[in-house]
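A note on names: the letters A, B, ... follow the listed sequences, proteins ahead of strands, and every chain is numbered from 1. Everything numeric in this text was worked out from a predicted model, so none of it was measured.
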Amino acid sequence: MSIVIATWNVNSIRARMAHALAFLEARQPDVLLLQELKGLEFPALEFEALGYHSVAIGQKSYNGVAILSKLPIEMVTNKLAGSDEDTHARYIETIIDTPTKLRVVCIYLPNGNPVGTDKFLYKLQWMERLIVQMAAWKNDPIPTIIGGDFNVIPEDIDCDKPANWLRDALFQPETRDRYRAMLAMGWTDAFRALYPDTRDAFTFWDYFRQAFERNRGIRIDHFLLSPALAPRLQACEIDKTPRAQEKPSDHTPVLVTLN
DNA sequence: ATGTCAATATACTATTGA
């Protein structure tokens with residue numbers, strides 16, 4: 001008895017609907033986390049026709065996240081605690097009956113570029129708020145999985161060439177320190193735990209300069225497992241198929257299998 | 001500095017965010 005959870009930044013659900021439906025048909029994950037919906041409308045009925053319930057929080061033009069689930073799903077909140085001013089649609093927290101309860105959290109962590117602006121400070125503050133939440137969940141009886149676009153390049157081996165990313169918010173020491181603080185608390189990076197030395201395993205490639213064809217990418221879409229959940233990690237796979245199709249998202253899906 | 005894509009307003013083009 002195992003459960004498969006996938007995450008994918010689709011870069012507009014409207015533009016990527018055919019890709020999303022094809023991915024669900026091909027891989028049949030039990031749960032799919034989506035980021036960067038880029039609109040207020042969410043096509044819940046089309047996903048329901050494939051047997052997926054959904055919860056979504058949209059925003060005009062930017063951001064937006066959703067969770068699709070074949071299993072019963074209950075929305076807990078769509079706001080990350082710790083700020084009254086933050087109106088971005090970047091967070092959904094749910095409980096899914098697997099049939100034992102599992103806390104499934106979908107995040108679209110702020111990009112933070114350019115460094116030295118309010119955007120970068122917002123990113124760091126958002127990470128601080130998430131860390132506070134993760135500390136609270138660490139000892140909760142319900143195991144937790146956090147998946148999504150973290151906009152963090154954790155280590156040098158998670159990019160094609162560190163020199164290309166030195167000025168990028170995704171690669172700053174402040175950013176990486178906060179990600180490492182999450183791991184230091186006892187959370188597990190699912191992909192890296194299974195493949196500690198694997199290089200050139202990326203989840204995002206820029207649209208320009210034939211970055212995908214040359215595999216000049218970064219690994220920024222992650223699954224973090226709470227200490228109680230980590231022993232149930234079975235597999236983690238980056239599926240590059242959707243990125244190779246016509247008019248793709250710049251990200252490709254990651255799938256994790258839990259027993 | 002460059003490059004590409006998607007959404008939107010400024011609307012057969014420019015701006016913004018990524």
Side-chain angles (χ1 to χ4, degrees), chain A residues 7-23 32-44 46 56-66 80 83 85-92 106-127 130 147-154 158-172 174-176 178-179 202-222 238 240-254:
Chain A
T7 183
W8 191 9
N9 178 324
V10 288
N11 187 16
S12 166
I13 191 61
R14 192 189 331 176
R16 226 66 64 197
M17 198 56 192
H19 296 68
L21 295 175
F23 174 72
L32 173 60
L33 318 183
L34 296 172
Q35 302 89 34
E36 271 211 273
L37 305 175
K38 282 190 165 181
L40 284 167
E41 301 273 318
F42 186 74
E46 291 184 65
I57 172 76
Q59 181 182 335
K60 187 179 177 182
S61 305
Y62 311 117
N63 310 318
V65 288
L80 175 60
S83 170
E85 297 92 58
D86 186 2
T87 54
H88 289 195
R90 299 182 174 276
Y91 180 92
I92 291 187
C106 175
I107 67 166
Y108 176 43
L109 205 148
N111 176 295
N113 278 304
V115 174
T117 65
D118 286 348
K119 290 183 178 183
F120 187 59
L121 294 178
Y122 172 60
K123 179 193 190 106
L124 298 182
Q125 286 162 3
W126 210 93
M127 295 185 84
L130 183 59
D149 179 356
F150 281 67
N151 271 315
V152 176
I153 303 168
D158 294 310
C159 66
D160 56 306
K161 194 170 157 190
N164 291 341
W165 301 95
L166 287 178
R167 284 165 298 280
D168 199 291
L170 285 59
F171 201 65
Q172 293 309 298
E174 297 92 329
T175 304
R176 300 167 81 185
R178 281 162 179 78
Y179 190 82
F202 305 134
T203 65
F204 167 95
W205 300 260
D206 267 317
Y207 283 123
F208 29 83
R209 283 166 279 172
Q210 295 179 291
F212 182 67
E213 289 75 7
R214 296 172 173 170
N215 199 30
R216 293 181 181 170
I218 49 180
R219 190 176 72 92
I220 57 173
D221 298 271
H222 308 301
I238 299 169
K240 289 173 76 171
T241 311
R243 185 62 178 81
Q245 289 167 354
E246 288 292 309
K247 302 286 281 180
S249 167
D250 38 9
H251 296 248
T252 214
V254 183

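- Of all the heavy atoms in A:Q59 and A:T87, the pair that sits closest is OE1-O, 4.1 Å.
- Residues passing the side-chain hydrogen bond (donor to acceptor under 3.5 Å, both in side chains) test with A:S83, sequence neighbours excluded: none.
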Short N/O separations, protein against nucleotides 1-3 of chain B, under 3.5 angstrom:
unit_1: B:dT2; atom_1: N3; unit_2: A:R209; atom_2: NH1; d: 3.4
unit_1: B:dG3; atom_1: N2; unit_2: A:R209; atom_2: NH2; d: 2.6
unit_1: B:dG3; atom_1: N3; unit_2: A:R209; atom_2: NH2; d: 3.2

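- Other residues, nucleotides and ligands contribute more than 12 heavy atoms inside 6.0 Å of the CD atom of A:Q245.
- Regarding A:N113, its CG atom lies at a distance of 14 Å from the C1' atom of B:dT16, rounded to whole Å.
- Taking atom P in both B:dA1 and B:dC12, one finds a spacing of 31 Å when rounded to whole Å.
- Minimum atom distance to the side chain of A:Y108 is reached by B:dA18, of the listed B:dA18, B:dT4, B:dA7.
- Distances shorter than 4.0 Å separate none of the side-chain N or O atoms of A:R16 from OP1 or OP2 on B:dC5.
- Between B:dA11 and B:dT16, the distance separating the two C1' atoms is 15 Å to the nearest Å.
- Atom CH2 of A:W205 is separated from atom C1' of B:dC5 by 17 Å (rounded to the nearest Å).
- For A:N151, there are no side-chain hydrogen bond (donor to acceptor under 3.5 Å, both in side chains) partners, not counting sequence neighbours.
- For the residue pair A:N11 / A:Y207, a side-chain donor-acceptor distance below 3.5 Å is found, with atom types taken as modelled.
- Remark: the separation of the P atoms in B:dT2 and B:dA7 is 25 Å, to the nearest Å.
- Partners of A:Y179 under the side-chain hydrogen bond (donor to acceptor under 3.5 Å, both in side chains) rule, at least two apart in sequence or in another chain, are A:D189.
- DNA chain B is contacted by both A:N9 and A:Y207; A:Y207 maps to the nucleotide lying nearer its 5′ end (nearest heavy atom per residue).
- Of the options A:Y122, A:Y108, A:Y62, a side-chain hydrogen bond (donor to acceptor under 3.5 Å, both in side chains) to A:H88 is made by A:Y122 and by none of the others.
- Put simply, CG on A:L170 is 16 Å from P on B:dG17, counting in whole angstrom units.
- Taking atom P on both B:dT10 and B:dG17, the two are 15 Å apart, rounded to the nearest angstrom.
- When rounded to the nearest whole Å, the span between NE2 of A:H251 and P of B:dA18 equals 11 Å.
- The CZ-C1' distance, from A:F204 to B:dT4, rounds to 10 Å in whole Å.
- The number of heavy atoms from other shown groups lying within 6.0 Å of CZ (A:R176) is above 12.
- Atom CD in A:E36 sits roughly 15 Å away from atom P in B:dC5 (whole-Å rounding).
- Rounded to an integer number of Å, the gap from CG of A:D206 to P of B:dA6 is 14 Å.
- Applying the side-chain hydrogen bond (donor to acceptor under 3.5 Å, both in side chains) criterion to A:N164, with sequence neighbours excluded, gives A:D160.
- Per the geometry, CZ belonging to A:R243 stands 10 Å off C1' belonging to B:dC5, to the nearest Å.
- A side-chain hydrogen bond (donor to acceptor under 3.5 Å, both in side chains) with A:D149 holds for exactly one of A:N9, A:T203, A:N111; it is A:N9.
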Table of protein N/O atoms under 3.5 Å from nucleotides 8-13 of chain B N/O atoms:
unit_1: B:dT8; atom_1: OP1; unit_2: A:S61; atom_2: N; d: 3.3
unit_1: B:dT8; atom_1: OP1; unit_2: A:S61; atom_2: OG; d: 3.4
unit_1: B:dT8; atom_1: OP2; unit_2: A:R14; atom_2: NH2; d: 3.4
unit_1: B:dA9; atom_1: OP1; unit_2: A:K60; atom_2: NZ; d: 2.9

